[in-house]
There are 2 protein chains.
Amino acid sequence: MTGARWLDDREQCAWRAYLAMNARLTARLHRRMQDDSGLSLADFEVLVCLTDQPDARVRIVELARFLQWEKSRLSHHLTRMQRRGLVDREGCPEDARGSFVVLTAAGRRAIERAAPRHVAAVRELFLDRITGEQLDTLREIAERVLPGLEVE
Amino acid sequence: MTGARWLDDREQCAWRAYLAMNARLTARLHRRMQDDSGLSLADFEVLVCLTDQPDARVRIVELARFLQWEKSRLSHHLTRMQRRGLVDREGCPEDARGSFVVLTAAGRRAIERAAPRHVAAVRELFLDRITGEQLDTLREIAERVLPGLEVE
DNA sequence: GGGTGGTAGATGAAATCTCAACCACTTGGA
DNA sequence: TCCAAGTGGTTGAGATTTCATCTACCACCC
């Protein structure tokens, strides 16, 4: 046998459509965020994680786990964000190896300016174009698929 | 007003689930392709476009349009793929500014080796985990959203 | 013929991401 | 106590992507 069974038309068509939507949607959202807030989507994700915390601080490990980024990527990225004044690092008393990332005032201003525009873009380009049932199905799909994707 | 209306729970939940699925699924597919075929997903996309052509050649412009890549990204990427022997460039007689990319024998071998494994991974990680109706809905979503994402 | 504007593609520098070490510290024994 | 293995985080080099610019050519108009 030449290997696994190929995709049939229905599968192929859906899979390609999904890939295309993904690529274009991400690209558009990224460009828009960049243009009107000066942040990348990656910056934004980091800032969102920080604002999700009650005290706007997270352990770097935890952030890496949540974002599923390689730790070196995160470290480099934080260095750049720190250079731009969006976040800061602080030592961790409980574990001298560790560090916290902290949201700065400028970081908070940046995400507070960016978030509403981003939400508007997500609505305009995506949510407003599909029905509530479709949205629910999408969530169901994601919830079914996600557990199979965890790393270890 | 502080800007657009925020996402409600249902929207927020679905949107985040979708983003998470995306990120993790892409990461897993990428790693698997890299590990067992030595190609990146980007390489693969380029090779797929080439094999979709009857004569395994495409104008670079057309490839850029289809992949929606910046032309400089494509140019650099093709240079690297050419260095690895996966593709070649050829001049274009009809328009002396233009070029063709051509699939080499090694490029064909590479994609023929990679494709079945990739399909298997897509099945295992995604298609096998959702129902036919869900897949159809996903296609419908993509088809609704895509037209609003075209560039100009 | 000689502009002028637009298109195809390449190029170099800067930003970002990955990969493989590395260092400092913690943890869990023997 | 001391050592080996593991963890949290950084670093530098190489690969990839973006951004701005450049060259060569086409198409059209004068």
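What's counted below: heavy atoms across the whole structure, side chains too, no hydrogens, waters or symmetry copies.
- Applying the salt bridge (charged side-chain N to carboxylate O under 4.0 Å, His left out) rule to Asp95(A) yields the partners Arg97(A); only residues at least two apart in sequence or on another chain are considered.
- With salt bridges taken as basic N to acidic carboxylate O contacts below 4.0 Å, one links Arg139(B) and Glu143(B).
- Listed by residue number, the members of residues 90-104 of chain A with any heavy atom below 4.0 angstrom from DNA chain D are Arg97(A), Gly98(A), Ser99(A).
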Heteroatom pairs (N/O) under 3.5 angstrom, protein to nucleotides 15-22 of chain C:
unit_1	atom_1	unit_2	atom_2	d
dT16(C)	OP2	Arg80(A)	NE	3.0
dC17(C)	OP1	Arg73(A)	NH2	3.0
dC17(C)	OP2	His77(A)	ND1	3.1
dC17(C)	OP2	Arg80(A)	NH2	3.3
dT18(C)	O4	His76(A)	NE2	3.3
dC19(C)	OP2	Glu70(A)	OE2	3.1
dC19(C)	N4	Ser72(A)	OG	2.6

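- Within 4.0 Å of Arg89(A), counting heavy atoms only, lie sugar-phosphate atoms of the nucleic acid but no base atom.
- Using a 4.5 Å heavy-atom cutoff, the side chains of Leu47(A) and Val87(A) are in contact.
- Where DNA chain D meets chain A (any atom under 4.0 Å from a heavy atom), the bounding nucleotides read 5' to 3' are dG6(D) to dC19(D).
- Thr51(B) pairs by the side chain to side chain donor-acceptor pair (under 3.5 Å) definition with nothing, not counting sequence neighbours.
- Listed by chain and number, the residues in a side chain to side chain donor-acceptor pair (under 3.5 Å) with Arg10(A) are Asp136(B) (sequence neighbours excluded).
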Could you tabulate the donor-acceptor pairs under 3.5 Å formed by side-chain atoms of residues 52-64 of chain B, not counting sequence neighbours?
unit_1	atom_1	unit_2	atom_2	d
Asp52(B)	OD2	Arg16(A)	NH1	3.2
Arg57(B)	NH1	Glu90(B)	OE1	2.5
Arg59(B)	NE	Ser99(B)	O	3.4

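- The hydrophobic clustering, which links ILVMFWY residues whose side-chain heavy atoms are closer than 4.5 Å, places Ile130(A) and Leu19(A) together.
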Using a 3.5 Å cut-off and no angle test, enumerate the donor-acceptor pairs between side-chain atoms of residues 111-118 of chain B and protein atoms at least two apart in sequence or in another chain.
unit_1	atom_1	unit_2	atom_2	d
Arg117(B)	NH1	Asp36(B)	O	2.5

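- For the segment residues 57-67 of chain B, residues with any heavy atom less than 4.0 angstrom from an atom of DNA chain C are, sorted by number, Arg59(B), Ile60(B), Val61(B).
- Applying the side chain to side chain donor-acceptor pair (under 3.5 Å) criterion to Glu11(B), with sequence neighbours excluded, gives Arg123(A).
- Counting only heavy atoms from C-beta outward, the side chains of Arg83(A) and Thr79(A) approach each other to under 4.5 Å.
- Residues passing the side chain to side chain donor-acceptor pair (under 3.5 Å) test with Glu133(B), sequence neighbours excluded: none.
- Within the structure, the ring-ring contact (aromatic ring centres under 6.0 Å, His included) test picks out the following pairs touching residues 75-112 of chain A (sequence neighbours left out): Trp69(A)-His77(A).
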